[in-house]
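Note that the coordinates shown come from a computational prediction; the quantities given were computed from them, not determined experimentally.
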Amino acid sequence: MQTGTGRSDSGTTAGSVPARNGLRARLHDILAGLSLASMNIPQVLGYTRIAAMPAVTGLYTVLLPLVAFACFGASKHLVVAADSATAAIFSSAVGRMATPGSTHYMALVSMVALLSAGFLLVARLFRLGFLADFLSRTVLVGFLAGVGVQVALAMTRDMLGITTTAHNPLLQLFQTLAQLSHVNIPTLLLSAGIVAIIMTGDRLTPRAPLALVTVVGTIMVSMTFGLSRFGIETIGPIVGGLPRLSIPDVSWNDMLALLPATTSCVFVIIAQSAATSRAFALRFHDPVDDNADILGLCAANAAAGLSGTFTVNGSPTQTAMAVRAGAHSQLAQLTFAIVTMLVLVFLTAPLQYLPRCVLASIVFTVALGMIDLQAMVAIRRESPGEFGLALMTAAAVVGIGVEQGIFLAIALSLFRHVRHSYEPHTMILRRDGQSGLLEPYDVRPGQQTAPGLIVYRFCADLFYANATRFAHDVQVLVDNAPTPVRCLVIDASAITDIDFSAASDLRDLFTTLRARHVTVIFGRVTPYLRADMDRHRITPVISAVNIHAQLHTAIAAARQVMTDSEISQPTIH
């Protein structure tokens with residue numbers, strides 16, 4: 001019972017519990033944003049090495065672009081920032097047009113971001129978010145596992161204090177193994193200590209901002225004791241200050257030359273961002289709006305281009321970091337942007353002392369967490385075929401790249417679906433000896449539903465690739481029937497569509513059966529299938545009276561045909 005003052009009998013203000021829970025959630029998001037900043041600010045600085053851009057532009061990618069996506073995007077978890085895949089694409093293309101690091105180079109790179117925003121706007125207008133529907137849960141598990149392995153391999157070089165030049169993860173692994181004799185022992189020990197602290201802390205206190213603590217702590221130790229004296233490499237000096245908004249000064253011819261690289265970036269942005277947002281939305285049972293996310297990515301890249309930085313993308317690694325830090329909404333990303341602004345204005349000097357191996361160790365532990373072994377085991381147990389698809393997706397991401405891995409996974413998923421349609425289940429219905437009801441059995445020569453009658457079920461839409469299977473089954477059943485077949489009843493409950501090629505094959509088959517005095521009757525015909533049968537001129541071949549909406553009326557019609565032909569027909573229930 002509540003009093004007029006809005007208090008319950010226990011004295012608790014009505015609505016105070018949800019309010020406290022909401023405040024607690026916002027505080028968690030703010031803390032997660034602080035932890036996210038501690039991990040990701042050094043990481044985006046590292047991406048500038050791939051992009052061949054000044055270090056400060058890496059910080060610009062997590063300033064205005066983050067705010068733009070938070071305002072226009074739909075995903076609660078997706079972190080939009082610098083990404084190695086898109087950085088590698090545009091840097092190789094723009095590097096052939098201008099000297100890396102030059103003013104002209106930087107203008108071309110920013111123009112790629114603006115052009116990407118334009119292409120993404122077109123993708124949003126045409127609602128191309130449906131492309132993400134082809135990313136199954138199996139593909140997403142394999143995709144994240146592949147990214148986890150790829151990133152873990154990439155981080156080992158900084159964790160060991162060695163240098164590799166390859167971009168491909170497998171080549172990086174070979175180069176790392178070849179240089180094991182040059183490992184920097186202090187770097188290795190520091191990396192091992194950071195990994196042990198984070199992985200142990202995650203088990204004992206999973207919500208603690210361990211990454212933030214390790215980053216701040218190692219910066220202080222590095223400033224005090226000069227870790228670089230022991231061969232431990234640090235990030236180095238960074239020029240601070242907020243970005244200036246401007247339109248890149250690029251000629252029309254240069255813009256045309258940038259279109260191929262921009263197109264590649266846009267495909268990667270849509271595919272990788274959709275895969276990442278869907279993977280984490282499935283994990284937390286959140287709704288997905290891929291088209292809204294495309295609009296958010298458009299706004300983020302527009303902000304990146306105008307603020308003098310490079311193309312941004314939905315990052316699986318950084319999104320995993322946000323989730324691991326406890327983020328539940330884009331408030332964490334907005335906190336990350338605010339911290340970035342403060343760093344740009346006040347804290348670029350201390351950041352130069354951060355050891356690279358500390359950053360690599362933090363990212364390494366996040367990458368391991370992206371490999372969901374429990375999900376892989378569950379997929380293998382329930383669907384070995386899909387488990388193979390997940391493994392191929394992971395292997396493709398590691399072996400040939402993120403963008404190629406995603407598109408290969410989509411192609412394999414479609415191929416698997418087409419294969420099921422190409423080789424569908426087909427059955428003959430026969431009366432069960434105990435129940436007296438019609439039950440499905442595998443198609444084999446010599447089977448009949450009853451003397452002179454075959455009831456055949458085809459469990460897929462009919463198209464050019466599987467029409468031959470349909471015709472072959474029917475011919476086998478009719479040719480090998482114990483008694484001459486008088487009626488063929490087709491249970492069309494699973495057939496909703498017939499294409500042009502399949503319709504031509506069916507007309508030929510039914511004409512041949514009619515010449516052999518076999519009457520073809522369709523049962524369970526939907527309005528969609530009936531429209532296809534009329535349009536493709538199948539109806540005149542078998543006669544409209546032989547098309548029924550229910551199976552039992554089709555069987556009754558077959559019984560009548562057989563009775564009229566003076567062929568005995570047992571009772572069929």
Side-chain angles (χ1 to χ4, degrees), residues 37 40-66 68-69 79-117 154 158 163 165 167 233-251 254-255 257-258 260-262 264-266 268-269 272 297 300-315 317-318 336-337 340-341 343-345 348 351-352 354 356 359 363 402:
N40 281 1
I41 285 177
Q43 184 176 1
V44 296
L45 293 174
Y47 287 139
T48 59
R49 300 167 69 187
I50 301 174
M53 292 282 282
V56 70
T57 60
L59 296 177
Y60 293 166
T61 64
V62 287
L63 186 62
L64 297 181
L66 269 183
F69 183 82
V79 177
V80 175
D83 178 70
S84 59
T86 50
I89 291 172
F90 69 71
S91 63
S92 61
V94 177
R96 293 190 293 268
M97 300 172 60
T99 303
S102 65
T103 303
H104 186 44
Y105 179 91
M106 294 166 56
L108 291 173
V109 167
S110 295
M111 181 52 70
V112 171
L114 280 180
L115 290 175
S116 297
D158 284 340
T163 302
T165 57
H167 292 293
E233 185 181 0
T234 58
I235 289 179
I238 301 171
V239 178
L242 296 177
R244 295 181 179 180
L245 300 181
S246 63
I247 298 176
D249 184 13
V250 174
S251 68
D254 283 341
M255 289 179 61
L258 292 173
T262 301
S264 299
C265 285
V266 168
V268 173
I269 289 169
Q272 180 171 302
L297 291 163
N301 276 282
L306 294 174
S307 59
T309 188
F310 49 93
T311 305
V312 294
N313 189 9
S315 171
T317 310
Q318 298 187 53
F336 180 11
T340 302
M341 181 181 68
V343 168
L344 281 166
V345 176
T348 51
L351 196 60
Q352 65 181 310
L354 176 65
R356 290 189 181 277
L359 165 65
V363 176
V402 173

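The side-chain contact (heavy atoms from CB on, under 4.5 Å) check on A107 picks up P248, V250, with sequence neighbours excluded. Under the side-chain contact (heavy atoms from CB on, under 4.5 Å) criterion, A37 pairs with I41, F336, V339, not counting sequence neighbours. Listed by chain and residue number, nothing satisfies the side-chain contact (heavy atoms from CB on, under 4.5 Å) test with T163 (two or more places apart in sequence, or in another chain). Looking at residues two or more places apart in sequence or on another chain, you find a side chain to side chain donor-acceptor pair (under 3.5 Å) between S251 and D254. Legend: residues meeting ring pair (Phe, Tyr, Trp, His ring centres under 6.0 Å) with F310, ordered by chain and number and at least two apart, are F90. In this view, A117 and C298, N301, A302 satisfy the side-chain contact (heavy atoms from CB on, under 4.5 Å) rule, not counting sequence neighbours.
Taking all atoms of both residues into account, the shortest heavy-atom contact from N313 to I269 is OD1-CA, 3.3 Å. Closest of all the heavy-atom pairs between P260 and A257 is CD-O, 3.4 Å.
For the atom pair S315 OG and Q272 CD, the distance stands at 6.5 Å (nearest 0.5 Å). Distance CE/M255 to CG/L115: 5.0 Å, rounded to 0.5 Å. Going from atom CG of D249 over to atom CE of M106 covers 13.0 Å, rounded to the nearest 0.5 Å.
Of the candidates L306, L258, T262, T311, L306 is the only one forming a side chain to side chain contact (heavy atoms under 4.5 Å, CB included) with L114.
Residues V44 and Q318 are in side-chain contact: their nearest non-hydrogen atoms beyond the backbone lie under 4.5 Å apart. Side-chain contact between H104 and T99 is absent, with no heavy atoms from C-beta onward closer than 4.5 Å. At least one side-chain heavy atom of V79 sits under 4.5 Å from a side-chain heavy atom of L66.
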Side chain to side chain contact (heavy atoms under 4.5 Å, CB included) between T348 and V239, intermediate numbers included: CA-CA 7 Å; T348 51; V239 178; over 6 Å; no
Give every donor-acceptor pair under 3.5 Å between a side-chain atom in residues 51-64 and any protein atom, sequence neighbours left out.
| residue | atom | partner | partner atom | Å |
| --- | --- | --- | --- | --- |
| T57 | OG1 | P54 | O | 2.5 |
| Y60 | OH | G241 | O | 3.3 |
| T61 | OG1 | G58 | O | 2.5 |

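Within a 6.0 Å sphere centred on CG of L242, heavy atoms belonging to other residues, nucleotides or ligands number more than 12.
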